[in-house]
Amino acid sequence: MNLTISGHHLDVTPSLRTYVETKLDRVVRHFDQVVNVNVLLSVEKLKEKEKRQHAECNLMVKGKSIFCESQHEDLYAAIDTLVDKLDRQVVEHKNRLRDHQATAGKHLAS
């Protein structure tokens, strides 16, 4: 798995990098065919303080690209919700692949 973590209008500290890596381990545990992961963390210059921190991820698995984004007033909370959304989408993709392969096997057996 190729992991790229970059920051826009903020410096990606080592603690922030390890936090993202440990959270993404959950996604890889569910689906091991992850090829490439690009994570972009940014701070938007809004007048209101709510939902300034922005995290987005583009995950490339075998045969599909999955994109998620999340906004929150705390960057760590934005990363948590991002990984939750990403995990749900990866599990759905895995279930679709498994169901598709199971129905193909039924047609061949007939």
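Nothing here was measured: the structure is a model prediction, and the numbers come from that model. Counting from 1, the numbers follow the sequence of the chain as shown.
Side chain of Lys94 to main chain of His30: a donor-acceptor pair is present (N/O by atom type, distance under 3.5 Å, no hydrogens or angles). At least one donor-acceptor pair under 3.5 Å links the side chain of Ser70 to the backbone N or O of Ala78. Remark: the backbone N or O of Glu69 is paired with a side-chain donor or acceptor of Lys85 at under 3.5 angstrom.
Rounded to the nearest 0.5 Å, atoms CZ (Phe31) and NZ (Lys62) are 9.0 Å apart. Interatomic distance, Asn38 CG to Asn2 CG, rounded to the nearest 0.5 Å: 7.5 Å. In this structure, the separation between CG on Leu41 and NE2 on His9 is 13.0 Å, given to the nearest 0.5 Å. The distance from the CG atom of Asn36 to the OG1 atom of Thr4 is 6.0 Å, given to the nearest 0.5 Å. Separation of atoms CD1 (Ile5) and CZ (Arg17) is listed at 5.0 Å; rounding is to 0.5 Å. The line from CG of Asp87 to CD1 of Ile66 is 10.0 Å long, rounded to the nearest 0.5 Å.
Under 3.5 Å, the side chains of His72 and Gln53 contain no donor-acceptor pair of N or O atoms.
Under the 4.5 Å side-chain criterion, counting only non-hydrogen atoms from C-beta, Tyr76 is in contact with Ser15.
Leu97 and Met60 sit in two unconnected hydrophobic clusters of ILVMFWY residues. Membership requires side-chain heavy atoms under 4.5 Å apart, directly or through other members. Under the 4.5 Å side-chain heavy-atom criterion for grouping Ile, Leu, Val, Met, Phe, Trp and Tyr, Val20 is connected to Met1 within one hydrophobic cluster. One hydrophobic cluster, built from ILVMFWY side chains closer than 4.5 Å, holds both Val43 and Val12. Val39 is connected to Val34 through a chain of hydrophobic side-chain contacts under 4.5 Å among Ile, Leu, Val, Met, Phe, Trp and Tyr, so both are in one cluster. Neither Leu40 nor Val27 shares a network with the other; the hydrophobic side chains, linked directly or stepwise wherever heavy atoms of I, L, V, M, F, W or Y lie under 4.5 Å apart, form separate groups for each.
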Query raised in the report: Can you list the steps and then say if Phe67 with Leu86 is a side chain to side chain contact (heavy atoms under 4.5 Å, CB included)?
Result: CA-CA 8 Å; Phe67 178 79; Leu86 192 64; over 6 Å; no
Requested in this report: Check the pair Val61, Val35 against side chain to side chain contact (heavy atoms under 4.5 Å, CB included), reporting the backbone distance first and the verdict last.
Outcome: CA-CA 5 Å; Val61 296; Val35 177; 5.9 Å; no
Query - Trace of the side chain to side chain contact (heavy atoms under 4.5 Å, CB included) decision for Glu44 with His8 - result: CA-CA 9 Å; Glu44 296 179 1; His8 189 246; over 6 Å; no
Query raised in the report: How far apart are the C-alpha atoms of Val90 and Lys64, what are their side-chain angles, what is the distance that settles it, and do they pass the side chain to side chain contact (heavy atoms under 4.5 Å, CB included) test?
Result: CA-CA 10 Å; Val90 166; Lys64 187 173 181 175; over 6 Å; no
Query - Verdict with supporting geometry, Asp74 and Arg52, salt bridge (charged side-chain N to carboxylate O under 4.0 Å, His left out) - result: CA-CA 8 Å; Asp74 180 31; Arg52 289 181 50 176; over 6 Å; no
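Contact between Lys23 and Val83 at its shortest, heavy atoms only, is O-CG1, 3.5 Å. Residues Ser65 and Asn58 share a closest heavy-atom pair of OG-OD1, 2.9 Å. Looking at every heavy atom in both residues, Cys57 comes nearest to Val37 through SG-CG1, 3.7 Å.
Glu92 and Arg96 are joined by a salt bridge, as a carboxylate oxygen and a charged side-chain nitrogen come within less than 4.0 angstrom of each other.
Enclosure of atom CG in Asp11 is not indicated, since only 12 or fewer non-hydrogen atoms of other residues, nucleotides or ligands lie within 6.0 angstrom.
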